[in-house]
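Below: the structure, in structure tokens.
A quick note: this is a predicted structure, and the numbers were derived from the prediction, not measured. Chain letters run A, B, ... following the sequence lines, proteins first, then strands; residues in each count from 1.
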Amino acid sequence: MHDKTLTQLAAALQKSELSSRELTAHYLQRIEKADATLNSFISVTTEQALTQADAADQARARGKTNLLNGIPLALKDIFCTQGIKTSCGSKMLDNFVAPYNATVVEKLNEAGGITLGKTNMDEFAMGSSNENSHYGPVKNPWDLSAVPGGSSGGSAAAVAAGLTPAAFGTDTGGSIRQPASFCGITGLKPTYGRVSRYGIIAYASSLDQAGPMARTAEDCAHLLNVIAGHDARDSTSVARVVPDYAEALNAPLSGLKIGLPVEYFGDGLDPDVEKAVREAVKVYESLGASVREVSLPHTHYAIPAYYVIAPAEASSNLSRYDGVRFGHRCENPEDLIDLYKRSRDEGFGNEVKRRILIGTHTLSEGFFDAYYKKAQQVRRLIRQDFLNAFKDVDVLMGPASPTTAFELGAKKDPVSMYLQDIYTIAVNLAGIPGISVPAGFVGNRPVGLQILGTHFAEAQLLNVAHQFQQATDWHQKRPAFAEETA
Amino acid sequence: MALEETHVRRAAHLARLAISDDQASRFVDDLSQILDMVDQLQRIDTDGVAPLAHPLDATQRLRADEVTETNQRDTFQRCAPVVEDGLYLVPRVVE
Amino acid sequence: MQWETVIGLEVHVQLATKSKIFSGASTAFGAEPNSQACAVDLGMPGVLPVLNEQAVAMAVQFGLAVHAEIPEVSVFDRKNYFYPDLPKGYQTSQMYHPIVGPGEVEITLDDDTVKHVRIHHAHLEEDAGKSLHEDYHGMTGIDLNRAGTPLLEIVSEPDMRSAKEAAAYLKAIHSIVTYLGISDGNMAEGSMRCDVNVSVRPVGQAEYGTRAEIKNVNSFRFVERAIAFEVERQIELIEDGSNVVQETRLFDPERDETRSMRTKEEANDYRYFPCPDLLPVVLDQAYVDHLREALPELPADKRERFQSELGLSAYDANVLSASRSMAEFFEEVKDVCGDAKQAANWVQGEFSGALNRENLSIEQSPINARQLGELISRVMDETINGKAAKEVFQALWNNQGKSADEVIEAKGLKQVTDTGAIEAMIDEVIADSPAQVAQYCDAEPEKRGKMIGYFVGQVMKASRGTANPQQVNKLLKEKLDAKL
């Protein structure tokens with residue numbers, strides 16, 4: 001069962017070849033067997049999942065035909081789930097049972113989706129390896145000595161290992177695309193504002209966006225259909241018609257204009273990763289697309305700009321964790337300052353503290369113009385680079401990450417970790433959508449092809465990704481670990 | 001712009017983070033590295049470029065002035081560390 | 001040395017919206033602690049703000065009322081600091097692009113001169129919660145019901161030169177916001193709060209002295225007292241050879257003094273930056289024009305009209321336009337009785353006196369404008385005399401009749417103007433008072449005028465107050481003088 005895509009499982013449910021209860025129980029059993037090794041879940045909601053599955057089966061019997069009805073799913077532990085612990089990977093929220101659902105969760109519930117559990121992640125979504133979780137690192141099912149990427153590492157590993165047909169992640173600087181690439185799955189970061197951020201614990205509010213992670217672009221299209229759309233509770237969500245993302249999947253690619261940003265094929269890119277990506281581009285040429293080089297001249301300023309803007313927003317977003325209304329509170333505070341300082345010192349891990357400190361420093365008096373204002377100006381230049389490129393080409397292609405998954409514990413200093421996101425981070429600054437699709441291997445570790453489109457071009461990205469998956473079988477490869485768990 | 005330990009200590013105080021002397025020197029190293037990387041920004045001429053706060057050029061939508069929330073105090077205070085008589089308690093605040 | 005006082009005010013006005021500025025929780029005053037604090041107000045993880053359209057409309061109305069520029073784009077920023085009554089660790093406010101630009105307020109001073117105070121800007125922000133300092137095992141309790149209530153912070157230029165001017169300015173702002181109906185202006189409940197910036201400088205010096213900011217001065221009276229104390233303190237400091245420190249001070253109304261709040265001050269750095277959860281607010285011209293057309297007549301315009309059209313004195317015009325309810329009451333009384341001066345006298349005299357005595361607002365008055373207007377009409381057409389009018393007023397106030405006419409009828413207060421009837425009463429009084437008549441006749445002619453009072457009193461008493469006093473006077477004098 002777990003070999004099938006979400007779309008295939010939906011068809012099987014539709015034809016009553018199996019029940020949602022059987023399907024859900026199967027995945028719960030796989031999680032039970034495999035997750036002691038992988039550590040991809042923080043919470044597994046067995047009872048609730050089975051109750052939801054029974055309800056979905058009954059709804060189907062009464063005539064409910066939603067594609068997602070009865071399909072098991074996993075949620076990154078950043079989505080607030082009513083009555084279920086929502087930790088955001090942090091000791092700070094280890095005791096936090098959310099009193100409400102994120103809008104994404106509401107929409108999934110209405111569609112009849114089953115929540116298997118909450119997946120592991122870098123604390124407050126800050127990281128590129130999932131090693132910053134209070135709940136320990138997640139292992140990459142392709143190679144247990146490698147990281148799954150981050151921050152949505154638990155979601156990526158769980159999908160790759162066949163512990164769930166699909167999962168949801170969030171992407172602030174590459175946190176869906178990079179782990180999707182490291183784990184050999186398909187992951188989409190929609191346009192900023194396409195999916196409601198309500199109930200998603202904020203890291204950097206002007207960059208955060210939720211999206212689907214699954215085996216195929218087709219699966220992602222069905223999932224995006226459910227979660228996209230305007231939400232009156234999120235001022236930054238966009239009131240714009242949501243197309244049927246599954247409808248255009250089969251449009252032919254003849255005449256498609258692909259741009260290869262020269263800056264995405266420069267120093268620091270692993271030659272084997274480059275080879276795999278260039279091979280993938282050749283597949284597109286064989287499908288009738290034309291390819292040309294383009295330039296995104298400010299690419300190298302994306303990481304510096306991001307590490308001002310994201311920490312600045314984070315430093316403010318994370319001030320609410322003060323030990324007063326929810327979350328960790330230190331024992332016997334002497335006074336108010338002691339309550340704040342010790343609760344936050346004990347509740348936050350080092351990477352979170354680093355980013356709070358950087359953000360606080362760069363916003364403070366005497367530094368604001370040189371850092372924050374400058375970074376916002378550079379942000380405009382970066383967005384303009386993309387808008388200029390999309391005047392000439394339909395989509396951009398390149399690697400999702402300069403290397404394949406690296407060893408657990410390999411990146412000791414923060415900056416070398418930050419440089420991992422060189423190809424993904426500018427996308428968030430510009431607010432455009434991006435997708436990572438499996439495009440080969442280096443040794444036993446997957447390579448991800450990243451495809452970028454202009455604002456609200458999700459349907460086109462999914463079409464372009466789907467056509468690649470019709471012509472290749474990289475997305476069908478399974479790690480040995482997944483089979484051993486069978 | 002070189003980062004001094006006083007900067008880190010000031011930021012830690014503003015952000016209400018307790019940091020030990022050990023941690024302070026480690027944060028000075030880490031943060032210096034990060035800021036060195038960030039300082040590349042100074043190489044770009046941004047004269048006349050308007051700062052961009054949001055990736056889309058959208059404007060704020062307004063909510064009708066209606067009371068839509070009900071009293072959920074008990075639910076919300078279930079995840080609160082210390083409450084009494086419906087109040088959140090903190091160490092004595094001296095005005 | 002001669003000193004000049006320089007004052008600027010920051011007035012926080014709670015806007016009278018039903019729901020909060022960024023959430024759908026109620027803003028009603030006095031609810032159970034934390035029963036009106038929703039997830040957004042509590043700063044729970046993942047929740048987001050959405051701006052209340054009424055808060056925006058009210059801010060713009062204020063801006064239009066003070067002839068301010070309304071910028072097309074305004075932006076919300078975060079002001080970052082930790083305090084238990086500030087749940088998110090930042091206050092959403094407007095630092096760089098406020099919703100209301102520079103404007104101007106007209107104030108009227110005690111000597112009826114008019115002065116203009118410039119408004120630097122006004123911006124929208126969210127209110128904080130409250131700390132309750134009753135002892136909870138040595139802890140402080142936090143109630144976040146007020147958190148998220150919309151505030152308009154109105155920042156003046158340092159244009160005021162005395163405590164009286166500052167109080168007049170505060171009254172002018174109060175009257176504008178209550179006229180507009182954008183705030184109840186209730187200072188006791190904290191709907192209007194005021195921070196005062198005060199400095200002194202030698203008369204003739206161009207640059208400003210170092211200022212102190214006095215926080216939370218929450219009544220018109222306290223504004224004057226706090227400034228008076230602070231000015232004296234600053235002058236004393238300088239004359240003793242030391243310096244005024246730029247700091248925040250708290251006014252203590254019980255001790256009538258201001259004192260330093262240095263403990264709370266400690267190295268604040270608010271790290272303002274644009275709130276990424278809210279987008280720029282864009283107001284198009286049509287929207288602003290629509291609000292402009294819907295503005296009510298404002299106090300300054302009313303004051304002007306009361307003088308130029310109704311011929312009231314500057315003083316009367318000022319008093320009667322001070323609040324919208326007072327002005328509306330007065331205008332209705334005037335329309336009913338048809339005489340602005342009589343209406344002004346009655347509304348400021350008998351009516352305001354009665355309200356003050358019983359500590360009632362105009363809305364709570366037991367007598368309405370129509371009743372008072374009709375009463376005045378009866379005085380003007382001489383149906384009753386002034387003394388009876390007061391009795392009718394009292395009866396209406398005590399709800400002893402529905403209209404002046406009903407009371408006049410029931411109590412028989414109709415004025416007696418029939419000469420024959422009055423003469424009969426006079427003859428009777430003269431007959432009953434031989435001793436007084438004799439005294440009158442013996443007195444020096446210039447003292448007789450005064451002595452006639454006794455007889456008038458007796459005749460009025462005999463008529464139970466209904467005789468026309470002018471007629472009584474005239475006829476008495478004729479009859480007594482005939483006895484000489």
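Proximity to chain A is absent for every atom of B/Ala58, based on heavy atoms less than 4.5 angstrom apart. The part of A/Thr362 that comes within reach of chain B is its side chain, from C-beta onward, which places non-hydrogen atoms under 4.5 angstrom from that chain. Contact annotation for B/Gln40: both backbone and side-chain heavy atoms come within less than 4.5 Å of a heavy atom of chain A. Interface remark: A/His455 contributes side-chain atoms only to the contact with chain B (heavy atom separation under 4.5 Å). For A/Tyr372, no part lies under 4.5 angstrom from a heavy atom of chain B. The contact between A/Asp234 and chain B is made entirely by backbone atoms, counting heavy-atom distances below 4.5 Å. A/Tyr418 touches chain B through its side chain: at least one heavy atom from C-beta onward sits under 4.5 Å away, while N, CA, C and O do not. With a 4.5 angstrom heavy-atom cutoff, A/Ala98 does not touch chain B via any of its atoms. Proximity to chain B is limited to the side chain of A/Phe96, based on heavy atoms less than 4.5 angstrom apart. For A/Leu429, the part lying under 4.5 angstrom from a heavy atom of chain B is the backbone only.
Ranked by heavy-atom pairs shorter than 4.5 Å toward chain B, the options A/Ala305, A/Ser364, A/Ser343 are led by A/Ala305. Taking B/Asp30, B/Val90, B/Ile44 one by one and counting their heavy-atom pairs under 4.5 Å with chain A, the maximum is reached by B/Ile44. Of the listed residues (A/Val97, A/Asp413, A/Leu357), the one with the most heavy-atom contacts under 4.5 Å to chain B is A/Leu357. Each of A/His298, A/Gln384, A/Lys353, A/Lys373 has some count of heavy-atom pairs under 4.5 Å with chain B, and the biggest count is that of A/Lys353. Looking only at heavy-atom pairs under 4.5 Å with chain B, the residue among A/Pro99, A/Ser235, A/Gly359 that has the most is A/Ser235. Heavy-atom pairs under 4.5 Å with chain B were tallied for A/Leu339, A/Ile432, A/Ile309, A/Asn428; the largest tally goes to A/Leu339.
Separation of atoms CG (B/Leu31) and CD1 (A/Ile358) is listed at 3.5 Å; rounding is to 0.5 Å. For the atom pair NZ (A/Lys374) and CG (B/Asp39), the distance works out to 11.0 Å, reported to the nearest 0.5 Å. In this structure, CE on B/Met37 lies 10.5 Å from OG on A/Ser416, to the nearest 0.5 angstrom. How far CG of B/Leu17 is from OH of A/Tyr340: 13.5 Å, rounded to the nearest 0.5 Å. Rounding to the nearest 0.5 angstrom, the gap separating the CG atom in B/Leu56 from the CZ atom in A/Phe456 is 5.0 Å. Atom CG of residue B/Leu35 and atom OH of residue A/Tyr371 lie 4.5 Å apart, to the nearest 0.5 angstrom.
Contact annotation: the side chain of B/His13 approaches that of A/Ile337 to within less than 4.5 Å [non-hydrogen atoms, C-beta and beyond]. With a 4.5 Å cut-off on side-chain heavy atoms, B/Arg26 and A/Asn350 count as touching. At least one side-chain heavy atom of B/Leu3 sits less than 4.5 Å from a side-chain heavy atom of A/His361. Residues A/Tyr301 and B/Arg43 form a side-chain contact, since some pair of their non-hydrogen atoms from C-beta on lies under 4.5 Å apart.
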With side-chain contact (heavy atoms from CB on, under 4.5 Å) as the test, would you mind laying out the steps for B/Arg10 and A/Thr360 before giving the verdict? CA-CA 9 Å; B/Arg10 183 176 156 72; A/Thr360 305; over 6 Å; no
Would you please test B/His7 and A/Phe367 for side-chain contact (heavy atoms from CB on, under 4.5 Å) and show each step? CA-CA 11 Å; B/His7 292 132; A/Phe367 298 97; 3.6 Å; yes
Apply side-chain contact (heavy atoms from CB on, under 4.5 Å) to the pair B/Arg92 and A/Leu336, showing each step before the final yes or no. CA-CA 7 Å; B/Arg92 198 137 192 75; A/Leu336 189 61; over 6 Å; no
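Residue A/Arg379 comes nearest to B/Leu52 through the heavy atom pair CD-O, 3.4 Å, listed as atom of the first residue, atom of the second, then distance. Closest approach of B/Pro91 and A/Arg329 over heavy atoms only: CD-NH2, 4.3 Å.
B/Arg16 places no side-chain N or O within 3.5 Å of a backbone atom of A/Lys341 that could act as its donor or acceptor partner. A/Gln377 contributes a side-chain N or O that, together with a main-chain N or O of B/Val49, makes up a donor-acceptor pair within less than 3.5 Å.
Using non-hydrogen atoms only and a strict 4.5 Å limit, the part of residues 73-84 of chain B facing chain A consists of B/Thr75, B/Phe76, B/Cys79, B/Ala80, B/Pro81, B/Val82. Listed by sequence position, B/Arg61 are the residues of residues 61-69 of chain B in contact with chain A, using a 4.5 angstrom heavy-atom cutoff.
For A/Phe390, there are no ring-ring contact (aromatic ring centres under 6.0 Å, His included) partners two or more places apart in sequence or in a different chain.
Within the structure, side-chain hydrogen bond (donor to acceptor under 3.5 Å, both in side chains) contacts touching residues 319-328 of chain A (residues at least two apart or in different chains) are A/Arg320-C/Tyr90, A/Asp322-A/Arg325, A/His328-A/Glu346.
Ion pairing of A/Arg383 with B/Asp57 is present here, as a side-chain N (NZ or NE/NH1/NH2) and a carboxylate O approach within less than 4.0 Å.
Taking the six-membered ring for Trp, A/Tyr192 and B/His54 have ring centres at least 6.0 Å apart.
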